[in-house]
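Report on one structure; see the data block that follows.
In what follows, every chain begins at residue 1, and chains take the letters A, B, ... in the order their sequences are listed.
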There are 2 protein chains.
Amino acid sequence: MKKKSNIKDVAKLAGVSFKTVSRVINNEDTVKGDTVKRVKEAIETLNYQPNNAARNLAGSKAYALGYVYDNPNAYYVLDAQNGILSECRDRGYELVIHPCSATNDNIVDELATMVKRSQLAGLIISPPLSEMPDVLAALDELNIKYIRIISAAHVDDMKSPCVCIDDQNAAFEITEHLIKQGHKHIAFLRGDEGHGSSHERKHGFLNALASNNIETNPSYLIDGSYSFEFGVDAAKQLLALKNPPTAVFCCNDEIAAGVLFAARLQGIDVPNQLAIAGFEDSPFSRQTWPKLTTAAQPTNLIARTAASSLIQHLSQLKLAKGSQAESPKLYFRPTLVVRESTEHVLEDPHE
Amino acid sequence: MKKKSNIKDVAKLAGVSFKTVSRVINNEDTVKGDTVKRVKEAIETLNYQPNNAARNLAGSKAYALGYVYDNPNAYYVLDAQNGILSECRDRGYELVIHPCSATNDNIVDELATMVKRSQLAGLIISPPLSEMPDVLAALDELNIKYIRIISAAHVDDMKSPCVCIDDQNAAFEITEHLIKQGHKHIAFLRGDEGHGSSHERKHGFLNALASNNIETNPSYLIDGSYSFEFGVDAAKQLLALKNPPTAVFCCNDEIAAGVLFAARLQGIDVPNQLAIAGFEDSPFSRQTWPKLTTAAQPTNLIARTAASSLIQHLSQLKLAKGSQAESPKLYFRPTLVVRESTEHVLEDPHE
DNA sequence: CTAGCATATGACAGCGTTGTCATTGTTCGG
DNA sequence: CCGAACAATGACAACGCTGTCATATGCTAG
């Protein structure tokens with residue numbers, strides 16, 4: 001490896017003190033345009049890269065974020081991770097990823113240790129950990145900064161910054177879509193108890209039924225988990241009913257894929273005999289036949305926004321020390337994606 | 001946040017010099033058992049965490065690895081990432097992840113920059129980047145250390161350490177399984193050109209046919225990509241043949257899922273009319289009906305082993321400076337997993 | 001009893017930056 | 001034309017640790 005050049009080499013080449021180079025690197029505005037240019041050229045020729053370790057050590061700022069997740073969905077995690085990573089790269093931050101188990105009792109210690117070891121400026125926390133009040137309170141206690149990605153149509157709590165996914169209204173929209181297709185007998189398969197999104201989506205569903213004066217059939221509401229297997233089991237249960245539903249709204253695409261398979265097993269035609277909608281727009285939803293109607297959330301962008309917002313929030317905190325910096329709240333609404341699995345307008349199924 | 005304790009606080013509490021604490025942290029063996037104990041207690045009470053940035057800066061060692069990948073398969077990537085991460089945690093290393101595009105011309109610069117910025121001790125490179133000689137040569141040139149995860153039954157090149165996946169023999173095994181079921185007309189759907197695994201698996205397949213004296217039908221061999229869509233298209237093509245195959249061996253589970261869907265679309269019974277085998281044992285393979293026969297590779301363990309091996313190799317290099325340290329080569333063979341998609345013994349299909 | 005050596009520990013510089021404060025050069029009002 | 005205020009830059013300590021070398025202590029052999 002070519003001898004690594006450091007800040008002093010750059011300074012020598014540019015004919016300035018190394019402190020001035022430091023100023024240029026950090027975009028401080030007290031350096032003359034002329035000097036800036038010379039320094040930047042020197043950086044270019046030497047192919048200089050500032051040493052993150054030294055920056056961290058010397059500065060009071062930290063140049064790393066942590067991404068904390070406990071999520072079985074590989075697509076989601078990777079998408080989010082990539083979003084955060086691009087923001088970090090743009091801003092010159094490092095990213096430390098931390099998969100973990102939300103049910104671990106020592107989770108707070110675990111996080112605190114990581115924050116200290118790696119000198120993290122803040123954490124980005126995704127569900128379900130981001131929806132566990134105990135954990136969040138403990139982090140506040142330790143004065144660890146974070147931003148949450150959560151499922152919520154509206155947030156009262158003014159304390160911590162968060163990025164909200166308006167699952168409720170998106171679910172409302174999907175349900176209305178099914179209703180417009182003529183469905184009155186719609187089942188809802190809910191995901192994990194511990195995930196806020198499960199409940200938000202269910203609310204949206206129930207709201208849509210209510211506002212369209214459709215009565216809720218209790219045997220159409222099944223609680224389960226975000227898994228293919230649950231979809232299969234629940235579908236069997238539904239299809240065995242005396243009066244089976246004509247449409248199923250599944251809390252995510254994986255469940256929907258399960259329902260689809262169970263339906264096909266029984267020779268049921270989708271969407272003509274049974275319409276199926278999912279949620280998430282995962283690759284899953286495009287790799288079934290027929291393709292699934294679903295709601296698309298821009299996970300990459302959401303995560304990226306979270307990172308960006310966290311970084312900004314942190315620097316505001318630094319400036320406005322003491323005075324209460326406002327916690328940003330951002331909202332994203334997943335958008336309806338209509339595909340073949342619901343493309344059939346019902347005539348008169350039950351009567 | 002409680003004032004962070006540093007190495008000197010620990011030293012004061014334990015009544016030793018801070019250098020001794022450093023020794024304990026680094027498991028050096030010149031410290032008396034008694035002292036070690038006292039220091040460890042002090043570390044415990046103060047909840048001390050060594051500062052990684054300072055360690056990196058001060059030491060000649062680097063305490064971070066990079067994981068470089070360009071892979072569309074989320075399950076694979078996440079699995080590998082988790083494996084590497086657990087090894088890193090155990091050894092006190094940081095992990096810097098670096099998704100990238102193998103087709104990017106500046107990829108080497110990109111990697112070099114990252115290595116410098118983040119002071120990486122070495123890289124873990126997965127396919128297809130790990131199979132691009134140009135890139136590897138450039139890294140050698142820059143004296144950047146790495147370990148590769150590649151698809152190979154045997155490696156001659158003694159230069160760089162690698163973890164090899166014996167896809168070829170695993171594919172041989174799957175093919176023999178199909179042959180034992182009575183199949184003589186077996187198609188092979190190959191994945192991406194740029195992935196060594198595609199070719200290795202194809203070799204294994206062809207070898208198995210040859211060693212069982214089965215003639216290869218050229219129209220049964222289709223090259224494509226590791227995607228669901230390819231599976232669908234190729235299946236249509238195969239099923240339209242005058243003499244369609246009775247079994248299909250797909251280069252991965254995603255392709256197999258595509259074939260399965262295309263088959264069901266045409267009302268073809270799997271496995272009774274058509275046997276399908278995949279490769280990889282991704283969650284995909286368990287979420288189809290029928291479930292897919294496949295080959296399981298312990299991705300997590302493989303990646304973990306790669307990390308471990310890289311770390312060990314690096315410290316050997318450090319010791320045996322100048323003298324040529326041997327490059328470790330490790331082999332993993334994916335194992336056959338038989339499921340419903342091939343569970344049917346053929347009677348006499350074609351005659 | 002002491003030179004000689006191994007074992008255990010300490011003192012101190014230095015890693016590459018940023019933060020703080022000092023210094024220089026420059027402009028402007030009176 | 002002078003002093004004050006400001007803009008641009010530099011000098012140097014400090015960050016928390018590791019590497020190197022020096023020192024203290026205990027032990028063995030002659």
Can you check whether T20(B) has a side-chain N or O nearer than 4.0 Å to OP1 or OP2 of dG10(C)? yes
Using a 3.5 Å distance criterion without hydrogens, assess whether the side chain of D79(B) forms a donor-acceptor pair with backbone atoms of Y75(B). no
Answer yes when E44(A) and K40(A) have at least one side-chain N-carboxylate O distance shorter than 4.0 Å, and no when they do not. no
Do P161(B) and R148(B) have side chains that get closer than 4.5 Å, going by heavy atoms? no
So how far off straight is the helix from dC1(C)-dG30(D) to dG30(C)-dC1(D), going by the axes through five pairs at either end, to 10°? 40°
Close aromatic pair by centroid cut-off 6.0 Å: Y76(B) and Y69(B): no
Approximate separation, where rounding is to 0.5 Å, of C100(B) SG and D70(B) CG: 5.5 Å
Contact letters for nucleotides 12-19 of chain C, in which S counts primed atoms plus P, OP1 and OP2 and B counts the base, heavy atoms under 4.0 Å: B-BBBBBB
Go through residues 31-43 of chain A and report each residue with a non-hydrogen atom lying under 4.0 Å from DNA chain D, sorted by number. V31(A), K32(A), T35(A)
All heavy atoms of L95(A) vs all of Q81(A), minimum pair found to be CD2-O, 4.3 Å
Gap separating the OH atom of Y146(B) from the OG atom of S160(B), nearest 0.5 angstrom: 4.0 Å
What is the distance, rounded to the nearest whole Å, between atom CG of D29(B) and atom P of dA6(C)? 16 Å
How close do G194(B) and P128(B) get, counting heavy atoms only, and between which atoms? O-CB, 3.8 Å
How far does OG of S130(A) sit from CG of N71(A), to the nearest 0.5 angstrom? 9.5 Å
When rounded to the nearest 0.5 angstrom, what distance separates CG in L310(A) from CG in L65(A)? 5.5 Å
Output the rounded distance in Å from CD (E94(B)) to P (dC17(D)). 14 Å
